[in-house]
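Structure first, commentary second.
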Amino acid sequence: MGTVVLLKKNEMTVIEDICEADFLDMKHEASKEEAAYISWYEDYDTAYGY
């Protein structure tokens with residue numbers, strides 16, 4: 001599980017507790033759309049979060 005940060009235009013979206021497969025799907029879809037920055041951070045300790 002991990003956290004995704006998505007920056008698009010003037011908006012920032014943070015999605016927590018998402019699996020890497022879903023992130024890869026999001027990244028693939030984002031590449032088809034307008035310019036966006038998408039980043040994945042793996043949560044090593046789910047009790048702590050980030």
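The residues of the chain are indexed from 1 along the displayed sequence. None of the values given here were measured: they were computed from a predicted structure.
Placement of Met1 and Met26 in two distinct hydrophobic clusters is found when ILVMFWY residues are connected by side-chain heavy-atom separations under 4.5 Å, directly or transitively. With hydrophobic clusters built from ILVMFWY side chains whose heavy atoms lie under 4.5 angstrom apart, Ile38 does not share a cluster with Val14. Residues Leu24 and Val4 fall within the same hydrophobic cluster, defined by Ile, Leu, Val, Met, Phe, Trp and Tyr side chains chained together at heavy-atom separations under 4.5 Å.
Applying the side-chain hydrogen bond (donor to acceptor under 3.5 Å, both in side chains) rule to Lys8 yields the partners Glu33; only residues at least two apart in sequence or on another chain are considered.
Within the 4.5 Å cutoff, no side-chain heavy atoms of Phe23 are placed close to those of Ile15.
If you take OG1 on Thr3 and CG on Asp17, they are separated by 7.0 Å, rounding to the nearest 0.5 Å.
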